[in-house]
2 protein chains.
Amino acid sequence: MPFTSSAETSPQTVNRLSLYLRCLRQLRELHIQKVSSQELARRFDLSATQIRKDLAQFGEFGIRGVGYDVAQLIDHLRSLLGLDRRHKVVIVGIGNLGLALAQYPGFNSTSFQVVAGVDIDHDKVGRKAGAFTIQHAEELAAVVRSSGAEIGVLTVPEAAAQENYDGLVQAGVRAVLNFTRARIRTVPEVPLKEVDLRIYLEETAFFLRR
Amino acid sequence: MPFTSSAETSPQTVNRLSLYLRCLRQLRELHIQKVSSQELARRFDLSATQIRKDLAQFGEFGIRGVGYDVAQLIDHLRSLLGLDRRHKVVIVGIGNLGLALAQYPGFNSTSFQVVAGVDIDHDKVGRKAGAFTIQHAEELAAVVRSSGAEIGVLTVPEAAAQENYDGLVQAGVRAVLNFTRARIRTVPEVPLKEVDLRIYLEETAFFLRR
DNA sequence: AGATGTGAATGAGTTCACAGCT
DNA sequence: AGCTGTGAACTCATTCACATCT
């Protein structure tokens, strides 16, 4: 089955592909060129079968009797995950969190770059944050157009989240990451990914009940 | 089956309980006192059956023919999730992200409070961040002991993550949130919850392949 | 009547076990 | 011999359908 070109890939699988990529990068740094699914599983505490299943649904990347070529598999995964080109990111709301994300290494890598940021606070407009100059939220549509941002990041107060998602949709971004606790009504063309940091504490707290 | 007191509750279920809590809080703000599983499902795009299944495994919280009492169910969920007391949090590494989290509303609520933060940079020691004064990383054990922190948050550079997890274990915290991309070897008594912000962008990018 | 709580049925996701290739 | 790729078996999670209670 050569390239099931994405009939349906579960979010969990995408998660794991991203994880495999991380592991493979570590191996490459150790100058390891070939790796079997078992070796990968042993080193990073994963399931060998699942690795093979996950990969096999997109093509035959391995060599029987040998394993996988690390560099080659990294390329395949980068391509599968859409990481073989750089995605431009715009941050809406430059508070503490927005500022942190603007400078976060993971948001400024080969595959991602924060190219713009807006805020409603006139005092912030014109200041540098990360690699860009903060612009006013009213300019959002123009900012997205001129910067070519594809992904919007919401780090505004909860009450302003819906209107800013709508604004990002209007402005033409293709996906949104939501760091607020607001539950947002979305349109299917612009998927929303929730990142509620508080939930991580709540899940942790569950294991702390005495 | 009254109170299966946690034989095994899947992380996914815990996730949803946390989500239900969030929805119920919204209803309470609208002064809604009773709600049925269907109503809840309709409003927040959830599954009514699943809500009932999830709740039923911990007791009989509803009234047949009527529904659930919003305020009462909030209390039950808070108790189930261990949110009925305040958990103290210590942040290790006060960079941009550590600083943002120290002041993040979700980390300073009824159930959580950032009570301390440490960094290895002597210039930062003594400065205020959120509600606490930054202390030196060498003092971690003493800081944890005197502040009574139960949850550690790792916002250090990737290379320092393992040693700081170990330090937090030594210092006596009961769980750790890891915001770095390092893969950390853990001990079972101190569970580690991964929060890799880059993964959210990668998952988003998957839906942007043309 | 109307909603919960739950066994039974279905579906999704994971693991097993091995055929097939190098 | 050794490892991938994959149908079959299995496990876990969700949904259905209804008995049960207010």
Side-chain angles (χ1 to χ4, degrees), chain A residues 1-20 23-24 27 32-74 76-77 80 203, chain B residues 1-20 23-24 27 32-74 76-77 80 203:
Chain A
M1 197 184 299
F3 284 86
T4 319
S5 193
S6 87
E8 255 342 287
T9 305
S10 80
Q12 300 166 75
T13 305
V14 178
N15 256 264
R16 286 194 302 267
L17 293 176
S18 174
L19 174 60
Y20 301 157
C23 298
L24 287 162
L27 294 184
I32 293 166
Q33 280 153 24
K34 301 249 185 261
V35 70
S36 69
S37 56
Q38 290 156 70
E39 171 73 1
L40 209 47
R42 193 185 53 67
R43 275 191 192 249
F44 299 100
D45 193 30
L46 307 167
S47 150
T49 314
Q50 185 142 59
I51 291 169
R52 296 202 299 278
K53 260 270 157 78
D54 285 341
L55 296 176
Q57 85 181 272
F58 296 101
E60 305 206 351
F61 301 141
I63 303 163
R64 297 180 191 219
V66 180
Y68 299 90
D69 182 283
V70 174
Q72 207 171 294
L73 189 50
I74 286 175
H76 278 304
L77 286 174
L80 277 175
E203 286 171 37
Chain B
M1 197 184 297
F3 282 87
T4 319
S5 194
S6 87
E8 254 343 285
T9 305
S10 80
Q12 301 166 73
T13 305
V14 177
N15 256 263
R16 285 194 302 267
L17 293 177
S18 175
L19 174 60
Y20 301 158
C23 298
L24 287 161
L27 294 184
I32 293 166
Q33 280 154 24
K34 302 249 186 263
V35 70
S36 69
S37 56
Q38 290 157 70
E39 171 74 2
L40 209 46
R42 192 185 53 69
R43 274 190 191 249
F44 299 99
D45 193 28
L46 308 167
S47 149
T49 314
Q50 186 142 59
I51 292 170
R52 297 202 299 276
K53 259 270 157 76
D54 285 340
L55 296 175
Q57 84 182 273
F58 296 101
E60 306 205 350
F61 301 142
I63 302 163
R64 296 180 190 218
V66 180
Y68 300 89
D69 182 284
V70 174
Q72 208 171 293
L73 189 50
I74 285 174
H76 279 304
L77 285 174
L80 277 174
E203 286 171 38

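Order of the sequence lines fixes the chain letters, A, B, ..., with proteins taken first and strands second; residue numbering starts at 1 for each chain.
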I'd like to check A:F44 versus A:L19 (side-chain heavy atoms, cut-off strictly below 4.5 Å). Are they in contact? no
Once you round it to whole Å, what is the distance between C1' of D:dT4 and CD of A:Q38? 10 Å
Looking at side-chain heavy atoms only, is the closest gap between A:I63 and A:D69 below 4.5 Å? no
So B:Y68 and B:S37, do their side chains get closer than 4.5 Å, heavy atoms only? yes
Look at the side-chain N and O atoms of B:Y68 and state whether any lies under 4.0 Å from the OP1 or OP2 oxygen of C:dG5. yes
Atom NE2 of B:H76 and atom C1' of C:dT4 are separated, to the nearest Å, by 14 Å
Would you mind reading off the distance between B:Q12 atom CD and D:dC12 atom P, rounded to a whole angstrom? 12 Å
For the base of C:dT15, is there a side-chain donor-acceptor partner from A:K53 under 3.5 Å away? yes
Just so I know, are the side chains of A:Q50 and A:L55 near enough to count as touching, which here means a heavy-atom distance under 4.5 Å? no
Distance check needed: C:dG2 P versus B:E39 CD, whole Å only. 15 Å
Does D:dT14 have OP1 or OP2 sitting under 4.0 Å from an N or O in the side chain of B:S47? no
Atom-to-atom span, CG of B:D69 to P of D:dT22 - whole angstrom: 16 Å
Separation of D:dT14 C1' from B:L46 CG (nearest whole Å): 14 Å
Between A:R16 and A:D54, is there a side-chain heavy-atom distance shorter than 4.5 Å? yes
A:F58 versus A:L17: any side-chain heavy-atom pair under 4.5 Å? yes
Applying a 4.0 Å non-hydrogen cut-off, can you work out what B:S10 is touching in the nucleic acid: base, sugar-phosphate, or nothing? sugar-phosphate
Using a cutoff of under 3.5 Å, can you pull out all pairs of nitrogen or oxygen atoms linking the protein to nucleotides 17-21 of chain D, with atom names and distances?
residue	atom	partner	partner atom	Å
D:dT20	O2	B:R64	NH1	2.8

Taking 4.0 Å as the cut-off, does a side-chain nitrogen or oxygen of B:Q50 come that near to OP1 or OP2 on D:dA13? no
Would you mind classifying the nucleic acid contact of B:S37 as base, sugar-phosphate or nothing, using non-hydrogen atoms under 4.0 angstrom? sugar-phosphate
In whole angstroms, how far is the P atom of C:dG7 from the CD atom of B:Q57? 13 Å
Between B:K53 and B:T13, is any pair of side-chain heavy atoms under 4.5 Å apart? no
B:R16 atom CZ is separated from D:dA13 atom C1', nearest whole Å, by 8 Å
